[in-house]
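Each remark here refers to the structure printed beneath this line.
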Amino acid sequence: MITSNTPREPGPGRGGAFYDAPQVMERYLQHRHSGVHSPNHVMEEPVLLDELGPVAGLRVLDLGCGDAVIGRTLLAAGCRSYLGIDGSTEMTRAATASLAGTSGRVERMDIEKFSAPPHTFDLIISRLALHYVDDLDAVLSACWSSLSPGGRLLITVVHPVITSHEARQSTKEARTNWVVDNYFHPGARQRNWLGNRVTWYHRTIEDYVTALTRADFALTSLRECAPRHDRFDGDTAEFARRQRVPLFLLLAGSRA
Ligand SMILES: C[S@@+](CC[C@H](N)C(=O)[O-])C[C@H]1O[C@@H](n2cnc3c(N)ncnc32)[C@H](O)[C@@H]1O
């Protein structure tokens with residue numbers, strides 16, 4: 001159903017290959033599922049769930065699915081099918097384990113190679129994966145083509161305030177200051193993250209909105225994922241720290 005026409009060109013630090021470097025996936029998943037200390041848990045996920053709406057009966061595609069834990073949640077909520085794709089061998093292994101015993105499926109594939117026939121999906125999600133992609137226009141166009149009329153796209157990315165510039169030398173301590181610089185210079189950024197070098201692509205908020213509308217999506221939501229107080233288990237200091245800067249941007253669009 002889904003086609004991959006061109007050979008993969010993995011490079012260290014790029015896309016899914018980054019997560020296959022020794023210990024990266026373990027460190028990522030540990031951080032990702034660390035409750036109050038996971039920004040995903042306290043900022044990104046609550047807003048994503050707000051925007052998701054009812055999923056019963058929907059055919060869902062997840063681009064850059066990681067360990068696909070969300071797939072289990074969506075299937076339990078009644079979605080008709082869930083397919084996750086991810087470029088990392090390690091992540092697809094973790095996703096296969098998460099989806100065991102469900103009808104959910106996972107394929108190892110680069111997001112840039114994804115295409116599917118019209119009307120294949122009703123909902124496409126992509127959480128924190130599209131800032132690894134250089135040619136966003138091509139990916140959004142493939143998404144639009146594979147959705148049914150009225151189908152929805154829901155994406156989160158690392159916030160442009162964060163992707164613009166990296167000032168800190170070490171990622172060992174909790175961050176206490178941030179610098180926004182080169183904001184209007186879109187393009188590749190090398191980062192130190194999880195003990196390795198990674199390549200992210202910086203775009204402004206306007207770039208993301210323009211890319212969505214250029215791909216013919218009607219923008220239905222733009223959220224900056226403010227921290228959700230009820231997710232902090234009473235840790236007021238951590239809540240105050242997370243109120244300082246945006247970390248995630250959520251965009252949603254629909255296919256007319
Ligand atoms: C930050 S993780 C997010 C994983 C998952 N969506 C979540 O929210 O837990 C980014 C994921 O995107 C995948 N990824 C990044 N670039 C990719 C690409 N170009 N093609 C396929 N997968 C990619 C990585 O392998 C990784 O699993």
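In listed order, ligands and their atoms are each counted from 1. Quick note: numbers below take in every heavy atom, side chains included, and nothing from hydrogens, waters or symmetry partners.
When hydrogens are left out, the protein atom nearest atom 20 (N) of ligand 1 is Ile111 N, 2.8 Å; that is the closest non-hydrogen contact. In this structure, the protein non-hydrogen atom closest to atom 9 (O) of ligand 1 is Arg32 NE, 2.7 Å. The protein heavy atom nearest to atom 19 (N) of ligand 1 is Glu112 OE1, 2.9 Å. The protein heavy-atom contact nearest to atom 1 (C) of ligand 1 is Tyr19 OH, 3.0 Å. In terms of protein heavy atoms, atom 22 (N) of ligand 1 is closest to Gly87 N, 2.9 Å. Nearest to atom 13 (C) of ligand 1 among the protein's heavy atoms is Asp86 OD2, 3.3 Å. Atom 14 (N) of ligand 1 has as its closest protein heavy atom Gly16 N, 3.9 Å. In terms of protein heavy-atom proximity, atom 3 (C) of ligand 1 is closest to Tyr28 OH, 3.3 Å.
The Ser88 neighbourhood of ligand 1 comprises atoms 25 (O), with distances under 4.0 Å to a heavy atom of that residue. The atoms of ligand 1 that sit less than 4.0 Å from any heavy atom of Tyr132 are 15 (C), 16 (N). The contact set between ligand 1 and Ala129, taken as ligand atoms under 4.0 Å from a residue heavy atom, comprises 12 (O). Close approach of ligand 1 to Gly66 (heavy-atom distance below 4.0 Å) involves ligand atoms 4 (C), 5 (C), 27 (O).
Residue contacts with ligand 1 for Arg127 involve both N, CA, C or O and side-chain atoms from C-beta outward (heavy atoms, distance under 4.0 Å). With a 4.0 Å heavy-atom cut-off, ligand 1 is reached by the backbone of Cys65 but not by any atom from C-beta on. Within the 4.0 Å heavy-atom criterion, neither part of Phe18 lies near ligand 1.
Both cation-pi conditions hold for Arg255 and Trp144: the charged atom is under 6.0 angstrom from the six-membered ring centre and inside a 45 degree cone around its axis.
Salt-bridge formation is detected for the pair Asp50/Arg223: a Lys NZ or Arg NE/NH1/NH2 atom is positioned less than 4.0 Å from an Asp or Glu carboxylate oxygen.
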- Verify side chain to side chain donor-acceptor pair (under 3.5 Å) between Asp207 and Thr204, making sure each step is shown before the conclusion. CA-CA 5 Å; Asp207 291 337; Thr204 66; 3.2 Å; yes

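No side-chain donor from either of Thr92 and Asp86 sits under 3.5 Å from a side-chain acceptor of the other.
Between Phe121 and Phe114, the angle of the ring planes lies from 30° to 60°, which puts this pair in the tilted group. Ring geometry, Tyr183 versus His202: the interplanar angle exceeds 60°, so the pair is classed perpendicular (tilted spans 30 to 60°).
Using modelled atom types, no side-chain atom of Thr199 and backbone atom of Arg14 make a donor-acceptor pair closer than 3.5 Å. Side chain of Ser146 to main chain of Ala116: no donor-acceptor pair is present (N/O by atom type, distance under 3.5 Å, no hydrogens or angles).
Within a 6.0 Å radius of CD in Gln190, more than 12 heavy atoms belonging to other residues, nucleotides or ligands are found. Annotation: Gln23, atom CD; neighbour count of heavy atoms from other residues, nucleotides and ligands within 6.0 Å does not exceed 12. Summarising the local packing, NE2 of His185 is surrounded by 12 or fewer heavy atoms from other residues, nucleotides or ligands at distances under 6.0 Å.
Not close to ligand 1: Glu44, with no non-hydrogen atom less than 4.0 angstrom away.
Considering only non-hydrogen atoms, atom 16 (N) of ligand 1 lies nearest to Gly15 out of Gly15, Gly64, Ala68, Ser38.
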